[in-house]
Amino acid sequence: MSLSRRSVLAGASGAVLASVSPGFAQSIKPIAAGKTARILVLTPRKDVGDVLGFRDFIGSSGLAATVDVREVPQASALTGMLPEIRAAKPDLVVTVFTPLTLAAVGRYDDPDPSRYLTDIPVVFTSVTDPVASRIVRGLDRTGRAVTGTRHIAPVAVQLKTMLSYRRWKKIAALYNPGEDNMVVAVRDLKEEAQRQGVEVLDSALPRDAAGAPNPAAIPDLIADAARAGADLVYIGPDTLVASNNNALVAEQALAQKLATFCSTELPIRRANLLMGLVSPAVNVGRFAGLKAVEILSGAKPADGIAVETLNRFSLLLRIGAAKRLDLYPPMRLLNIAEIVQDA
């Protein structure tokens with residue numbers, strides 16, 4: 001089977017390379033000719049664009065395959081599911097987002113086969129920073145039978161986009177410190193903002209009595225950020241904040257007259273957030289589908305496929321939120337943005 005990124009993504013992909021050190025990798029054979037591949041998708045929700053795009057690509061690829069989609073709302077629940085997954089022996093597992101990917105494969109320097117999937121190739125989608133999260137050793141060669149797609153624009157590009165709207169002086173980063181990818185994302189944002197002369201306020205969710213991050217604190221955190229002089233609330237690729245509580249964040253920010261920027265697509269489409277620079281999730285899922293086909297067809301082994309991101313991003317603007325904030329976007333952004341209509 002001969003496929004190319006150009007033919008299926010029309011220029012939407014771009015390689016991101018990193019230095020690689022030798023490490024753990026498993027040799028996993030492709031499926032036999034004439035066999036129908038069995039793919040298991042693990043996702044917090046079945047309706048996310050990654051899943052829709054992945055299924056669409058597999059369906060149009062010519063690969064004989066069945067796709068079983070399982071909802072796993074909490075990554076911690078995956079531990080109890082792994083024995084069943086191992087017993088079922090799917091030909092490939094797809095994981096959506098960082099928490100589920102870590103729960104499925106663990107860290108590259110702790111490949112414990114009793115706790116994680118190590119004998120089944122895994123393709124992840126929409127993982128923010130798989131190297132910093134220690135899912136893979138490097139982006140060019142992963143060092144294990146795991147590869148996938150990233151979905152976040154480089155932090156310097158995100159900040160440039162924010163500052164193209166207004167020259168914000170203080171940005172509040174609202175995030176769940178229990179998600180490794182968000183700790184990395186906020187760290188990188190602080191470093192880049194410092195270079196640009198912008199202050200980033202750390203608005204990490206506090207933990208409740210049981211030690212779990214508490215989303216009920218979101219209104220207080222946003223109010224605190226407003227009192228501290230924040231101009232804008234940054235929402236990164238955060239499952240708890242962005243995916244599960246986007247409406248609460250949007251309305252509380254609007255109530256405090258704070259602009260909002262999100263680095264992922266679905267929260268902006270669902271809630272009254274002002275803007276974002278995103279990789280369309282459907283395209284990210286399709287790109288993961290390409291990698292899955294390369295593995296299952298035998299074109300490339302999983303540990304020989306680079307982790308990549310799309311090199312085209314979409315600027316989303318919600319005019320309804322801009323009107324409520326009395327912060328109309330500059331014409332140069334309106335000329336290139338997709339305007340998100342209010343529901």
Side-chain angles (χ1 to χ4, degrees), residues 1-5 7-9 13 25-73 75 77-78 81-106 113 116-127 130 135-136 142 144-151 281-308:
M1 183 178 298
S2 177
L3 294 168
S4 71
R5 287 163 176 75
S7 65
V8 296
L9 294 171
S13 66
Q26 291 202 357
S27 177
I28 296 177
K29 295 180 180 179
I31 61 170
K35 178 185 174 184
T36 298
R38 293 179 300 120
I39 302 171
L40 174 63
V41 177
L42 303 172
T43 176
R45 299 181 312 280
K46 289 184 178 181
D47 63 345
V48 296
D50 301 76
V51 175
L52 301 178
F54 181 84
R55 297 192 74 158
D56 176 69
F57 184 87
I58 295 299
S60 62
S61 68
L63 180 75
T66 61
V67 180
D68 177 17
V69 180
R70 304 269 191 94
E71 284 193 345
V72 190
L78 189 56
M81 298 172 58
L82 290 181
E84 176 194 349
I85 294 171
R86 291 191 192 95
K89 297 181 179 179
D91 297 295
L92 182 109
V93 171
V94 176
T95 56
V96 180
F97 306 149
T98 303
L100 270 180
T101 302
L102 278 169
V105 304
Y116 303 114
L117 299 176
T118 58
D119 58 351
I120 301 169
V122 174
V123 173
F124 57 75
T125 180
S126 290
V127 167
I135 293 169
V136 298
T142 66
R144 63 195 308 200
V146 178
T147 188
T149 61
R150 304 171 70 193
H151 65 308
V282 169
N283 288 347
V284 177
R286 288 182 181 133
F287 200 8
L290 171 61
K291 294 177 184 297
V293 170
E294 288 179 329
I295 294 166
L296 293 171
S297 67
K300 293 181 181 179
D303 62 352
I305 299 176
V307 176
E308 297 173 276

To the nearest 0.5 Å, tell me how far Lys291 NZ sits from Phe57 CZ.
11.0 Å

How many angstroms lie between atom NE2 of His151 and atom CZ of Phe287, to the nearest 0.5 angstrom?
14.5 Å

Shortest non-hydrogen contact from Ala77 to Val72?
CB-CG1, 4.3 Å

With side chains defined as the heavy atoms from C-beta onward, is the minimum distance between Arg150 and Val307 less than 4.5 Å?
yes

What's the verdict on side chain to side chain contact (heavy atoms under 4.5 Å, CB included) for Ile135 and Leu102, showing C-alpha distance, side-chain angles and the deciding distance?
CA-CA 7 Å; Ile135 293 169; Leu102 278 169; 3.6 Å; yes

Could you pull out the closest heavy-atom pair between Ala75 and Leu100, with the gap in Å?
CA-CD2, 3.9 Å

Would Asp68 and Arg38 count as a salt bridge (Lys or Arg N to Asp or Glu O under 4.0 Å) if you check the C-alpha gap in whole Å, the side-chain angles of each, and the deciding distance to 0.1 Å?
CA-CA 8 Å; Asp68 177 17; Arg38 293 179 300 120; over 6 Å; no

Side chain to side chain contact (heavy atoms under 4.5 Å, CB included), that's the test. Do Ile85 and Leu42 meet it? Break it down for me.
CA-CA 11 Å; Ile85 294 171; Leu42 303 172; 4.1 Å; yes

Is there a side-chain contact between Asp50 and Thr149 (heavy atoms, below 4.5 Å)?
no

Minimum-distance pair of heavy atoms, taken over all atoms of Ala65 and Ile39
CB-CD1, 4.1 Å

One should read off an interatomic distance between Ile295 CD1 and Asp303 CG, to the nearest 0.5 angstrom, of 9.0 Å

Given the rule in the side chain to side chain contact (heavy atoms under 4.5 Å, CB included) test, do Arg144 and Val105 qualify, once you have shown the distances and angles that lead to the verdict?
CA-CA 10 Å; Arg144 63 195 308 200; Val105 304; 3.8 Å; yes

Closest approach of Val123 and Ala288, non-hydrogen atoms and distance?
CG1-O, 3.8 Å

With side chains defined as the heavy atoms from C-beta onward, is the minimum distance between Val48 and Thr43 less than 4.5 Å?
yes

Under a 4.5 Å cut-off applied to non-hydrogen side-chain atoms, are Val146 and Leu117 in contact?
no

Taking all atoms of both residues into account, what is the closest heavy-atom pair of Thr118 and Pro113, and its distance?
OG1-CB, 3.4 Å

Quick check: does any side chain N or O of Lys89 sit under 3.5 Å from a backbone N or O of Ile120, one acting as donor and the other as acceptor?
no

Spacing of CD belonging to Glu308 relative to CG belonging to Leu290, to within rounding of 0.5 Å:
8.5 Å

For the backbone of Gly285 and the side chain of Arg55, can you confirm whether one donor and one acceptor N or O come within less than 3.5 Å of each other?
no

Does any N or O in the side chain of Glu294 come within less than 3.5 Å of the main-chain N or O of Ala299, such that one atom is a donor and the other an acceptor?
no

Side-chain heavy atoms of Val293 within contact of Ile58, under 4.5 Å
yes

Testing the basics here: between Thr101 and Phe124, what is the closest heavy-atom pair and its distance to 0.1 Å?
OG1-CB, 3.5 Å

Does Val67 form a side chain to side chain contact (heavy atoms under 4.5 Å, CB included) with Val94? I'd like the steps, not just the answer.
CA-CA 10 Å; Val67 180; Val94 176; over 6 Å; no

With the side chain counted from C-beta on, respond yes when Asp56 and Val282 share a heavy-atom pair under 4.5 Å apart, and no when they do not.
no

